[in-house]
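Below: one structure, written as structure tokens.
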Amino acid sequence: MILRLDFTVLTSCLPKDFLPKLKRHMLPRILSELHCEEATDCTDSQHALNDISPCSVLFHNNRLYSHKIMRINYTTYDVRRSQDVINPSTSHFNVMVLASSSNDDDTTSDHPFRYARVLGVYHVNIVYVASGMSNYQPQRLEFLWVRWYRTMDTIHSGWDTRKLDRVQFASMTDDDAFGFIDPSDVLRSCHVVPAFARGRLHDDGKGLSRCAQDSSDWVAYYVNRSVLNGHIK
């Protein structure tokens, strides 16, 4: 089921920087789509990206569309096709991406992956109105609204130390606490488990934001690994 939402109604319940960040996220993607359609060199587009205002990105009918789930197809280690299902309203809401594909760079770690909790699955119809646009036909683009985990470097982890990677949510006041992901950049869902010994972040069970769903946050988490057919993944 697809739920149609009006930005004028959502403004009161979304973070104040939601729309500006979304436009900055969408700008390089819509330029890439348009240049690919015209079979032109995308290098020039990237070079001029900083000269284009995000205000040139408009949302058709001032709406976005919410989806209940997202399916991720991937290849297993025995070269079979499998699928993960992401549903923000259940416990299956964590995803992983390559750190290099993230627009919100985590400069505090050189970890190859980034992990995020999916808060919403959406699509919008983008109209690009900057100079050079040959038509004003809306382009459908999907995106995930996420809350980023941040890797903790207080302990050594990974294969050599035989310890799980440890993460925690970025502070709610950080500019990069929330972000957007192109669904095509998602590698797989991931199993993030609480570090129960560290306890909960809010002892009274009261969070700061309904959007962030932080009332049940733990102080730290482990990125779990599993054993499949004798191989560690």
Side-chain angles (χ1 to χ4, degrees), residues 3 5 10 13-19 21-22 24-25 64-72 74 83-109 111-124 142-153 157 164-196 198-203 205-226 233:
L3 179 63
L5 304 172
L10 292 174
C13 59
L14 289 174
K16 62 181 181 180
D17 59 351
F18 181 90
L19 282 178
K21 280 188 173 182
L22 179 58
R24 288 196 296 269
H25 169 77
L64 84 163
Y65 301 83
S66 175
H67 301 258
K68 293 292 186 182
I69 63 173
M70 182 187 75
R71 292 184 172 88
I72 305 168
Y74 67 95
Q83 187 178 81
D84 287 332
V85 178
I86 303 299
N87 187 336
S89 63
T90 70
S91 59
H92 300 279
F93 48 57
N94 292 308
V95 297
M96 59 186 298
V97 298
L98 290 174
S100 58
S101 68
S102 169
N103 290 332
D104 304 280
D105 296 328
D106 186 358
T107 57
T108 62
S109 174
H111 197 279
F113 304 109
R114 292 200 71 188
Y115 307 96
R117 172 176 180 167
V118 177
L119 301 176
V121 182
Y122 304 100
H123 86 262
V124 288
E142 292 85 13
F143 68 94
L144 305 177
W145 183 35
V146 302
R147 186 181 176 201
W148 289 111
Y149 291 99
R150 178 172 294 168
T151 54
M152 300 175 64
D153 295 327
S157 60
L164 298 175
D165 295 325
R166 194 167 69 170
V167 297
Q168 63 182 175
F169 281 117
S171 172
M172 298 280 289
T173 59
D174 289 356
D175 290 337
D176 60 349
F178 301 90
F180 302 98
I181 296 177
D182 182 345
S184 64
D185 289 334
V186 175
L187 299 176
R188 283 193 59 180
S189 65
C190 58
H191 191 204
V192 179
V193 295
F196 295 103
R198 299 291 300 275
R200 290 188 179 273
L201 187 61
H202 304 289
D203 293 332
K206 297 180 179 179
L208 302 177
S209 170
R210 291 184 60 187
C211 292
Q213 304 173 33
D214 64 323
S215 59
S216 59
D217 283 0
W218 294 81
V219 172
Y221 299 82
Y222 291 107
V223 181
N224 209 3
R225 305 191 186 195
S226 62
K233 69 173 183 178

**Request:** Have a look at F169 and tell me which of Y149, Y115, W148, W218 forms a ring-ring contact (aromatic ring centres under 6.0 Å, His included) with it.
**Result:**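 Single ring-ring contact (aromatic ring centres under 6.0 Å, His included) partner of F169 among Y149, Y115, W148, W218: Y149.
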
Calculate, to the nearest 0.5 Å, the distance between atoms [atom1] and [atom2] belonging to [X] and [Y] respectively.
| X | Y | atom1 | atom2 | result |
| --- | --- | --- | --- | --- |
| N94 | I86 | CG | CD1 | 7.5 Å |
| K21 | W145 | NZ | CH2 | 10.0 Å |
| M70 | F93 | CE | CZ | 14.0 Å |
| R150 | S171 | CZ | OG | 8.0 Å |
| H92 | H191 | NE2 | NE2 | 9.0 Å |
| D165 | M152 | CG | CE | 12.0 Å |

So which heavy atom on [X] is nearest to which on [Y], and how close?
| X | Y | answer |
| --- | --- | --- |
| V95 | I72 | CG1-CD1, 4.5 Å |
| A220 | Q168 | CA-CB, 4.4 Å |
| L187 | Y74 | O-CB, 4.3 Å |
| A170 | A177 | CB-CA, 4.0 Å |
| V85 | R71 | CG2-CG, 4.1 Å |
| R188 | D84 | NE-OD2, 3.4 Å |

**Asked** For R147, what residues pass the salt bridge (charged side-chain N to carboxylate O under 4.0 Å, His left out) criterion, not counting sequence neighbours?
**Response**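 If we apply the salt bridge (charged side-chain N to carboxylate O under 4.0 Å, His left out) test to R147, skipping adjacent residues, the hits are D217.
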
**Item:** Partners passing side-chain contact (heavy atoms from CB on, under 4.5 Å) against N87 (at least two apart in sequence or in another chain)
**Value:** I69, S89, T90

**Stepwise side-chain contact (heavy atoms from CB on, under 4.5 Å) test for F143 and L64** = CA-CA 10 Å; F143 68 94; L64 84 163; 4.0 Å; yes

**Request:** Verify the neighbour count for atom NE2 of H123: are there more than 12 heavy atoms of other residues, nucleotides or ligands below 6.0 Å?
**Result:**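 Check passes, neighbour count above 12.
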
**Request:** Could you check F113 against L98 for side-chain contact (heavy atoms from CB on, under 4.5 Å), going step by step and ending with a plain yes or no?
**Result:** CA-CA 5 Å; F113 304 109; L98 290 174; 3.7 Å; yes

**Request:** Begin with the C-alpha distance, continue with both residues' side-chain angles, and end with the deciding distance and a verdict on side-chain contact (heavy atoms from CB on, under 4.5 Å) for V223 and V167.
**Result:** CA-CA 7 Å; V223 181; V167 297; 4.0 Å; yes

**Prompt:** Would Y65 and Y122 count as a close aromatic pair, with their ring centres under 6.0 Å?
**Reply:** no

**Asked** Do F18 and F180 make the cut of ring centroids closer than 6.0 angstrom?
**Response**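 Yes.
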
